[in-house]
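Single-structure report; data block below.
Predicted, not measured: the structure shown is a model, and the values here were computed from it.
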Amino acid sequence: MMIEKDHVVRIHYTLLDEAGETLESSLGHEPLALLWGHGDVVPGVEEALAGHATGDRFEVTVPPERGYGPRREDWRQRVSKKHFTNAKRLRPGMQVLLRTRDGARPVTVLKVGGSVVDVDLNHPMAGRTLRFAIEVVEVREAEPEEIAHGHVHAGAQHV
Ligand code: ZN
């Protein structure tokens with residue numbers, strides 16, 4: 001089955017940096033499930049999946065503007081330690097999840113003070129050209145309920 005809007009797609013992916021080093025991979029874990037056409041993955045990957053079918057393997061190079069966006073040097077913020085679940089263990093350079101009103105977002109710790117933490121709000125992958133090696137594991141039509149909710153349901157795990 002070919003990938004098109006409102007299809008559920010499960011992929012294995014390996015994310016490589018400019019030098020070909022692996023940054024992240026789903027291999028050895030559950031495949032990533034996404035509802036195609038709903039922005040579950042970065043635009044460059046979503047577009048590249050269109051028209052592919054189960055069993056396809058391909059690579060796609062994604063520039064920042066189709067990936068995690070450009071890096072903004074001034075995008076820093078001082079936040080209270082209470083917004084972190086693991087405040088005691090924070091060290092400069094660490095990537096952590098910051099709880100915000102819009103949900104958890106990955107940030108990089110710049111400096112740790114007594115009660116506040118300076119963080120870089122850029123996504124860790126912002127500003128980078130990324131290469132994804134992708135294997136399409138499964139393509140199926142989404143259930144009406146999945147389309148209505150805008151996300152993939154995995155059996156009894158639905159929340
Ligand atoms: Zn749902």
Side-chain angles (χ1 to χ4, degrees), residues 1-71 83-100 102-110 112 117 119-143 145-159:
M1 187 177 281
M2 288 236 299
I3 296 170
E4 52 186 286
K5 186 153 168 61
D6 294 336
H7 279 34
V8 170
V9 184
R10 298 204 308 145
I11 59 170
H12 270 305
Y13 70 93
T14 297
L15 171 56
L16 306 155
D17 69 9
E18 297 86 341
E21 295 287 324
T22 298
L23 297 172
E24 198 181 304
S25 180
S26 68
L27 293 171
H29 307 275
E30 283 291 299
L32 175 72
L34 61 109
L35 184 58
W36 196 89
H38 291 256
D40 286 351
V41 285
V42 296
V45 171
E46 188 156 69
E47 284 160 17
L49 283 167
H52 277 286
T54 309
D56 282 2
R57 291 165 184 262
F58 63 96
E59 288 197 5
V60 58
T61 299
V62 177
E65 57 273 18
R66 308 304 295 155
Y68 292 98
R71 171 166 291 276
H83 293 293
F84 296 90
T85 46
N86 55 345
K88 282 193 187 127
R89 278 187 264 145
L90 294 177
R91 300 284 179 275
M94 276 175 75
Q95 284 169 12
V96 292
L97 287 175
L98 175 64
R99 288 179 305 201
T100 72
D102 307 319
R105 63 174 297 140
V107 300
T108 304
V109 176
L110 297 171
V112 183
V117 183
V119 296
D120 181 344
L121 295 170
N122 286 289
H123 188 283
M125 301 293 172
R128 303 183 72 166
T129 295
L130 305 168
R131 195 149 56 89
F132 290 85
I134 293 172
E135 179 190 353
V136 181
V137 178
E138 185 195 358
V139 183
R140 65 167 168 87
E141 284 177 28
E143 299 294 335
E145 200 185 36
E146 291 177 312
I147 296 169
H149 289 195
H151 56 234
V152 176
H153 290 172
Q157 292 171 14
H158 176 242
V159 277

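Of all heavy-atom pairs spanning Leu110 and Pro92, the tightest one is O-CB, 3.5 Å. Scanning both residues, Pro43 and Gly67, for their nearest heavy atoms gives CD-O, 4.1 Å. Looking at every heavy atom in both residues, Glu46 comes nearest to Gly37 through OE2-N, 2.9 Å. Closest heavy-atom contact between Ala53 and Val139: C-CG2, 4.4 Å. Heavy atoms only, all atoms of each residue included: Val60 and Gly44 are closest at CG2-O, 4.1 Å. Between Gly150 and Asp40, the closest heavy-atom pair is O-OD1, 4.4 Å.
Residue Glu18 qualifies as enclosed at atom CD: its count of foreign heavy atoms under 6.0 Å is above 12. Counting non-hydrogen atoms of neighbouring residues, nucleotides and ligands closer than 6.0 angstrom, the CE atom of Met2 reaches no more than 12 such neighbours. For CD of Glu138, the number of neighbouring non-hydrogen atoms (other residues, nucleotides, ligands) closer than 6.0 Å is greater than 12.
Once rounded to the nearest 0.5 Å, the distance linking NE2 of His52 with CD1 of Ile134 reads 8.0 Å. The structure places CZ of Arg71 at 10.5 Å from CG of Leu121, a figure rounded to the nearest 0.5 Å. Thr54 contributes atom OG1, which lies 12.5 Å from atom CD1 of Ile11 (distance to the nearest 0.5 angstrom). A distance of 10.0 Å separates NE2 in His83 from OG1 in Thr100, rounded to the nearest 0.5 Å. Taking CZ of Arg131 as the reference point, atom OG1 of Thr22 lies at 9.0 Å (rounded to 0.5 Å). We find the CG-CD distance between Asp6 and Glu141 to be 9.5 Å, quoted to the nearest 0.5 Å.
With contacts defined as side-chain heavy-atom distances shorter than 4.5 Å, the pair Asp120/Val107 does not qualify. Inter-residue side-chain proximity for Pro31 and His12 is flagged as met; some heavy-atom pair is nearer than 4.5 Å.
Between the side chain of Glu135 and the main chain of Asp56, no donor-acceptor pair closer than 3.5 Å is present. Ser26 contributes no side-chain N or O that, together with a main-chain N or O of His29, makes up a donor-acceptor pair within less than 3.5 Å. With hydrogens and angles disregarded, a donor-acceptor distance shorter than 3.5 Å links the side chain of Glu146 to the backbone of Glu143. Looking at Asn86, its side chain never comes within 3.5 Å of a backbone N or O of Arg89 through a donor-acceptor pair. Without hydrogens or angle criteria, Trp36 side chain to Val8 main chain gives no donor-acceptor distance under 3.5 Å. Asp17 places a side-chain N or O within donor-acceptor distance of the main-chain N or O of Glu21, the cut-off being under 3.5 Å. The closest donor-acceptor contact from the side chain of His123 to the backbone of Met125 lies under 3.5 Å.
Below 30°, between 30° and 60°, or above 60°: for His153 and His149 the angle between ring planes is above 60°, a perpendicular geometry. Using the six-membered ring where Trp is involved, Phe132 and Tyr13 have ring planes that are tilted, between 30° and 60° apart.
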Chi angles and distances behind the side chain to side chain contact (heavy atoms under 4.5 Å, CB included) call for Phe58, Leu49: CA-CA 9 Å; Phe58 63 96; Leu49 283 167; 3.8 Å; yes
Test side chain to side chain contact (heavy atoms under 4.5 Å, CB included) applied to Val96 and Leu90, step by step: CA-CA 8 Å; Val96 292; Leu90 294 177; 3.7 Å; yes
Worked verdict on Arg140 versus His7 for side chain to side chain contact (heavy atoms under 4.5 Å, CB included): CA-CA 6 Å; Arg140 65 167 168 87; His7 279 34; over 6 Å; no
Derivation of the side chain to side chain contact (heavy atoms under 4.5 Å, CB included) call for Leu23 and Leu130: CA-CA 10 Å; Leu23 297 172; Leu130 305 168; 4.1 Å; yes
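Checked against salt bridge (charged side-chain N to carboxylate O under 4.0 Å, His left out), Arg105 has no partners two or more places apart in sequence or in another chain.
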